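Accompanying notes for the structure given below.
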Amino acid sequence: MTGGRCWLIKSEAEVYSIDDLARDASTAWTGVRNYEARNHMRDEMSDGDLVLYYHSNASPPGVAGLARVRGAPYPDPTQFDPSDPYFDPRASTVDPRWWLVDIEFVEMFPRLVTLQELRAEPRLRDMVLLNRMRLSVQPVTNEELAVVKHLAGVGA
DNA sequence: GCCAACGTTGGC
DNA sequence: GCCAACGTTGGC
């Protein structure tokens, strides 16, 4: 059975798109350096939680498909690697600062659900995506997930 | 490429 | 602990 909560994660399509995730089957969601996003991953995500996969900085931006949290949160290894762009000298293995989860590919939507469509849908008016900028890991309600899937033409 | 929004840093 | 400067996100 799947976990209880739903999420949305943003990825720049040119950096790591849902096609990349489909190819890799799953990936460690490294490089998140925002405390609120980290807290969601570290404290609230559970194995099996469904995740909307959003392409930011794309033309047009929108939700491209569905993914899933796999396993439990663990420290982001890139924070400990001095040669990595996400290296954080303030972090230590005994006191990790940044946490992540593994994200597993579920499905590509038959069509992109654009930001414009999301904005136009009254049932999505409270979606975090539409009310908060710059949060790359954010909660989504079960109803919002269902509405987005419906817009994508995916059966519930 | 522009630039508004806004999270983070660091001086005080 | 305030807040100005700075850097980044992300739509357009």
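It should be emphasised that the depicted structure is a prediction, and the values quoted were computed from it without experimental measurement. By convention in this document, chain letters (A, B, ...) are assigned in the order of the sequence lines, proteins followed by strands, and residues within each chain are numbered from 1.
The salt bridge (Lys or Arg N to Asp or Glu O under 4.0 Å) test with A:Asp76 is passed by exactly one of A:Arg38, A:Arg33, A:Arg97: A:Arg33.
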**Study point:** Stepwise side chain to side chain donor-acceptor pair (under 3.5 Å) check, A:Asp102 with A:Tyr74
**Key:** CA-CA 9 Å; A:Asp102 285 347; A:Tyr74 60 97; 2.6 Å; yes
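Each of A:Arg90 and A:Asn131 was assigned the nucleotide of DNA chain B with the nearest heavy atom; the assignment lying further toward the 5' end belongs to A:Asn131.
Under the 3.5 Å distance criterion, the side-chain polar atoms of A:Ser17 are matched with a main-chain donor or acceptor of A:Asp19.
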Review point. Going 5' to 3' along nucleotides 7-12 of chain C, which nucleotides have protein heavy atoms under 4.0 Å from the base (write B), which only from the sugar-phosphate (write S), and which from neither (write -)?
Key: BBBBBS
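A search for salt bridge (charged side-chain N to carboxylate O under 4.0 Å, His left out) contacts involving A:Glu36 returns A:Arg132, not counting sequence neighbours.
Identified under the salt bridge (charged side-chain N to carboxylate O under 4.0 Å, His left out) test for residues 109-123 of chain A, with sequence neighbours left out: A:Arg111-A:Glu117, A:Glu121-A:Arg123.
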